[in-house]
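Working notes, structure below.
Just so it is clear: chains get the letters A, B, ... in the order the sequence lines come, proteins before strands, and each one is counted from 1. Just so it is clear, the structure is predicted and the values come from calculations on it, not from any experiment.
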Amino acid sequence: MTPLNFIEQIIQEDIRAGKNNGRVHTRFPPEPNGYLHIGHAKAIYLDFGSAEKFGGKCNLRFDDTNPIKEETEFVESIKEDIHWLGFDWEDREFHASDYFDKLYEFAIDLIKRGLAYVDDQSSEEIAAQKGTPTKAGIESPYRNRDIEENLDLFTRMNNGEFDEGSHVLRAKIDMASPNMHMRDPVIYRIIKREHHRTGNKWQVYPMYDFAHGQCDYFEGITHSLCTLEFEVHRPLYDWLVDRLKTGDYRPRQIEFNRLNLTYTVMSKRKLQELVMLKLVSGWDDPRMPTLSGLRRRGYTPEAIIKFIRSIGYTKFEAINDVALLEHAVRDDLNLKAPRVFVVLDPVKLVITNYPEDRIEEMEIINNPEDESMGSRSVPFCSELYIEKDDFMENPPGKYFRLGPGREVRLKGAYIIKCTGFNKNESTGEIEEIYCTYDPETRSGGPAANRRVKGTLHWVSARHAEDAEVRLYDRLFNHHDPAGQKNHDFKEFLNPESLKILNFCKIEPSLSEAKPLDKFQFQRIGYFCVDKDSIPGSLIFNRTVPLRDTWEKVAKK
RNA sequence: UGCUUCGUGGUGUAAUUGGCAACACGUCUGACUCUGGAUCAGAAGAGUCCAGGUUCGAGCCCUGGCGAAGCAACCA
């Protein structure tokens with residue numbers, strides 16, 4: 001049992017205190033103006049997870065109060081991503097726009113109670129009167145218009161009689177409040193744009209602050225969980241709910257820290273910028289922290305949830321090390337991903353004493369972590385490919401792989417000894433390596449236990465197929481690209497975040513792999529079949545490399 | 001010279017009627033291994049932003065500082 005986070009503790013106390021008859025009902029309220037990212041996954045896990053933990057429910061509610069920014073395309077991707085993560089809202093899919101009539105009525109009610117007024121000033125004038133955080137604002141000349149005039153003007157605003165920006169409806173609260181959000185906030189503005197759900201029914205649309213708490217109230221939400229930047233909105237949230245509610249029930253807003261990850265950016269605006277400027281291939285580019293990007297990269301929902309559980313929920317604005325995310329996905333894929341042989345950067349290896357016309361089928365275990373995943377057979381012959389990296393002409397002592405005169409194990413096959421190599425003298429490149437094999441050392445054979453320093457993966461040159469492999473790395477080369485004063489985050493894009501390898505050699509069993517299938521390329525990393533693959537021309541995305549201690553040794 | 005919130009190993013999170021600062025990631029050893037993976041064993045690393053106070057005893061309570069973030073969209 002993991003201990004309850006501070007929000008779950010509050011919920012538990014509310015239940016004990018009998019608030020809202022002990023009900024727990026949360027909501028996840030995305031704005032359909034972009035794709036969900038891993039920060040949303042943190043909110044989703046809290047919203048759906050805590051409801052589930054206390055026997056409550058969680059609604060999906062699209063916060064679609066601004067028709068300029070929102071589109072149906074995003075609604076579909078958001079639903080797909082939530083389901084992918086493993087959560088379900090059953091029949092409770094709502095939209096803020098479902099409540100436009102009720103919100104409008106409430107606005108009328110506030111006007112009638114003398115708590116809202118129409119302001120004819122421009123946004124610049126209103127902003128100028130708002131004051132600053134350290135200086136009180138001044139009241140609008142329209143603040144004390146009479147109720148009938150307000151009613152008439154607001155009605156005409158919605159009838160389309162006025163231009164956008166010419167009038168707004170404001171709540172009448174306190175222009176001297178130390179909280180800027182209480183200084184007569186705008187609650188309705190004129191927007192003459194077709195809404196993706198209500199069409200042209202409305203000419204006025206409520207602001208976020210005028211919609212969120214009331215929608216919570218209409219839906220019977222008990223705990224409205226959001227990120228820290230809404231902390232200063234809470235007095236306004238409560239002010240509005242207080243004027244709307246008729247009984248004891250009331251929703252409660254609680255704020256938690258948003259998710260920040262090192263070496264990436266998390267704001268929707270910045271992600272959108274990367275997409276628009278084509279600095280990435282799209283919202284689902286495998287380097288993006290979007291859920292669709294992570295999915296395409298090869299992340300599993302289980303890995304994402306495990307990561308989110310490990311970072312917790314607090315009020316401290318943290319930047320989480322992406323290494324923790326990478327650990328979570330390795331941990332998950334280690335148990336799930338079948339092992340296969342793929343040579344990324346091939347060099348030909350010829351076994352000179354192996355009969356040229358002979359082919360053996362080697363039985364290879366699919367996953368040493370899970371026997372139930374069985375085994376497969378991999379063809380072996382006298383011509384193989386191994387990694388260029390796995391051979392050195394003059395290897396240092398700590399190098400456990402192949403070099404002149406050295407012995408290594410070919411995994412699942414034989415021990416071989418290097419007898420020579422062919423080097424292109426003009427380029428310095430090794431073109432072919434020559435070895436002899438010891439027939440007694442076949443895996444499971446009489447001399448199979450002989451110890452050698454290294455084990456290499458390989459593929460048969462006569463059976464291998466070509467594939468494209470995309471090596472993804474961190475999108476940025478600064479741990480906090482968005483947090484650098486006087487620098488645009490795009491300055492820190494990592495020019496090596498994608499390397500494409502075109503003639504990688506894959507073992508024959510992989511030819512039937514389907515998009516999203518995940519594998520461990522033995523000794524290299526975890527990879528996932530890309531959706532752009534077509535039969536006979538596979539593309540693999542690197543999810544994350546294996547922990548590689550040789551790489552560390554080599555750097556020293 | 002406002003309001004709100006936050007300061008615990010490198011990173012993140014615990015320590016819930018005050019009781020030896022714990023866990024995970026990362027780092028570094030070593031063992032094992034037909035993946036330089038995984039697994040196993042171990043180590044280093046904070047005395048809790050600072051200064052006072054209450055107390056037998058303070059990360060936790062009190063006072064005063066310091067530092068950081070958010071807030072001045074007809075965005076959410």
Report summary line: Picking from B:G70, B:C3, B:U5, the nucleotide nearest the side-chain atoms of A:P178 would be B:C3
Requested in this report: For B:G45 versus B:G36, give the span between their C1' atoms, rounded off to a whole number of Å.
Outcome: 26 Å
**Report entry** Minimum-distance nucleotide (side-chain atoms of A:Y399 versus B:A72, B:U13, B:G36)
**Finding:** B:G36
Report summary line: Considering only heavy side-chain atoms of A:V232, the closest of B:G37, B:C71, B:A76 is B:C71
Query - Heavy-atom donor-acceptor pair, A:H181 side-chain to B:A73 base, under 3.5 Å - result: no
Report task. Measure from the side chain of A:M180, starting at C-beta and using heavy atoms only, and say which of B:A72, B:U5, B:G37 lies closest. Result -> B:A72
Query - Shortest side-chain distance from A:K69, nucleotide among B:U13, B:C6, B:C75 - result: B:C75
Query - A:D163 (side chain) donor-acceptor with A:S166 (main chain) under 3.5 angstrom - result: no
Query - A:F316-B:G7 aromatic stacking (under 5.5 Å, under 30°) - result: no
**Report entry** Presence of A:T134 side-chain N/O under 4.0 Å of B:C3 phosphate oxygens OP1/OP2
**Finding:** no
Query raised in the report: How would you list, by chain and number, every residue that makes a side chain to side chain contact (heavy atoms under 4.5 Å, CB included) with A:M207, sequence neighbours excluded?
Result: A:V186, A:R189
Query raised in the report: Does a side-chain N-to-carboxylate-O contact under 4.0 Å join A:D98 and A:R61?
Result: no
Requested in this report: For B:G26 and B:A73, measure between their C1' atoms and round to the nearest Å.
Outcome: 41 Å
Query raised in the report: If you find the nucleotide of RNA chain B closest to A:P133 and the one closest to A:N334, which residue's nucleotide is nearer the 5' end?
Result: A:P133
Query raised in the report: Syn versus anti for B:G47, judged by chi lying within 90° of 0?
Result: syn
Requested in this report: Could you give the distance separating B:C74 and B:A24 at their C1' atoms, to the nearest angstrom?
Outcome: 46 Å
**Report entry** Listed nucleotide nearest any side-chain atom of A:T455, set B:A76, B:U13, B:U35
**Finding:** B:U35
Query raised in the report: Angle class for the A:Y35/A:W283 ring planes (parallel below 30°, perpendicular above 60°, tilted otherwise)?
Result: parallel
Query raised in the report: Which listed nucleotide (B:A14, B:A72, B:G36) is nearest to the side chain of A:D548?
Result: B:G36
Query raised in the report: With a non-hydrogen cut-off below 4.0 angstrom, is A:E164 in contact with a base, only sugar-phosphate, or nothing?
Result: nothing
Report task. Rounded to whole angstrom, note down the P distance from B:G67 over to B:C49. Result -> 16 Å
Query raised in the report: Are A:R189 and B:A76 close enough that a side-chain N or O sits under 4.0 Å from OP1 or OP2?
Result: yes
Query raised in the report: Does B:A38 have OP1 or OP2 sitting under 4.0 Å from an N or O in the side chain of A:R547?
Result: yes
Query raised in the report: Distance between the P atoms of B:G2 and B:G65, in whole angstroms?
Result: 11 Å
Query raised in the report: Between the side-chain atoms of A:E369 and the base atoms of B:U39, is any donor-acceptor pair under 3.5 Å?
Result: no
Query raised in the report: Can you find a side chain N or O atom of A:N320 that sits less than 4.0 Å from OP1 or OP2 on B:G12?
Result: no
Query raised in the report: OP1 or OP2 of B:A24 less than 4.0 angstrom from a side-chain nitrogen or oxygen of A:S310, does that happen here?
Result: no
Query raised in the report: What about A:E255, does its side chain sit under 3.5 Å from the base of B:U5 through a donor-acceptor pair?
Result: no
Query - C1' gap between B:U1 and B:G7, integer Å - result: 23 Å
Query - Distance, C1' atom - from B:C28 to B:C60, rounded to whole angstrom - result: 34 Å
Query raised in the report: So does A:N179 get a side-chain nitrogen or oxygen closer than 4.0 Å to the phosphate oxygens (OP1/OP2) of B:A72?
Result: no
Query - A:V75: partners by side chain to side chain contact (heavy atoms under 4.5 Å, CB included), with sequence neighbours left out - result: A:P32, A:F62, A:K79, A:H196
**Report entry** Phosphate contact (B:G36 OP1 or OP2) by A:R523 side-chain N/O below 4.0 Å
**Finding:** yes
Requested in this report: Would you tell me if any nitrogen or oxygen in the side chain of A:S177 comes within less than 4.0 Å of OP1 or OP2 on B:C3?
Outcome: no
Report task. Select one nucleotide: of B:A69, B:U5, B:C74, the one nearest the side-chain heavy atoms of A:K485. Result -> B:A69
Query raised in the report: Between A:E326 and A:R474, is there a side-chain N and carboxylate O pair less than 4.0 Å apart?
Result: yes
**Report entry** A:E317 with A:R258: basic N within carboxylate O range, under 4.0 Å
**Finding:** no
**Report entry** Short side-chain N/O contact to B:C75 OP1/OP2 from A:K268, under 4.0 Å
**Finding:** no
Report summary line: Closest to the side chain of A:I311, out of B:U4, B:G12, B:C71, is B:G12
Report summary line: Winner on side-chain proximity to A:A318, out of B:U5, B:G12, B:C25, is B:G12
Query raised in the report: Side-chain N or O of A:K552 less than 4.0 angstrom from OP1 or OP2 on B:U27?
Result: yes
**Report entry** Side chain A:D64, main chain A:A96, donor-acceptor under 3.5 Å
**Finding:** yes
**Report entry** Position toward the 5' end of RNA chain B (nearest nucleotide), A:L4 or A:I524
**Finding:** A:L4
Query raised in the report: Considering only the C1' atoms, how many Å lie between B:A44 and B:U16, rounded to the nearest integer?
Result: 31 Å
Report task. Classify the nucleic acid contact of A:G525 as base, sugar-phosphate or nothing, counting any heavy atom under 4.0 Å across all strands shown. Result -> nothing
Query raised in the report: Is there a donor-acceptor pair closer than 3.5 Å between any side-chain N or O of A:K453 and the backbone N or O of A:E407?
Result: no
Query raised in the report: Using purine N1 to pyrimidine N3 plus N6-O4 or O6-N4 for Watson-Crick, or N1-O2 and O6-N3 for G-U wobble, both under 3.5 Å, which nucleotide pairs with B:U63?
Result: B:A51
Report summary line: Taking a pair to mean Watson-Crick or G-U wobble geometry with both distances below 3.5 Å, B:C32 pairs with none
Requested in this report: Give a yes or no on whether a donor-acceptor pair under 3.5 Å exists between the nucleobase atoms of B:G36, that is its base, and the side chain of A:R401.
Outcome: yes
Query raised in the report: How is A:E124 classified with respect to the nucleic acid when contacts are heavy atoms under 4.0 Å: base, sugar-phosphate, or nothing?
Result: nothing
Query raised in the report: With a 4.0 Å cut-off on heavy atoms, is A:R339 in touch with a base, just the backbone sugar-phosphate, or nothing at all?
Result: base
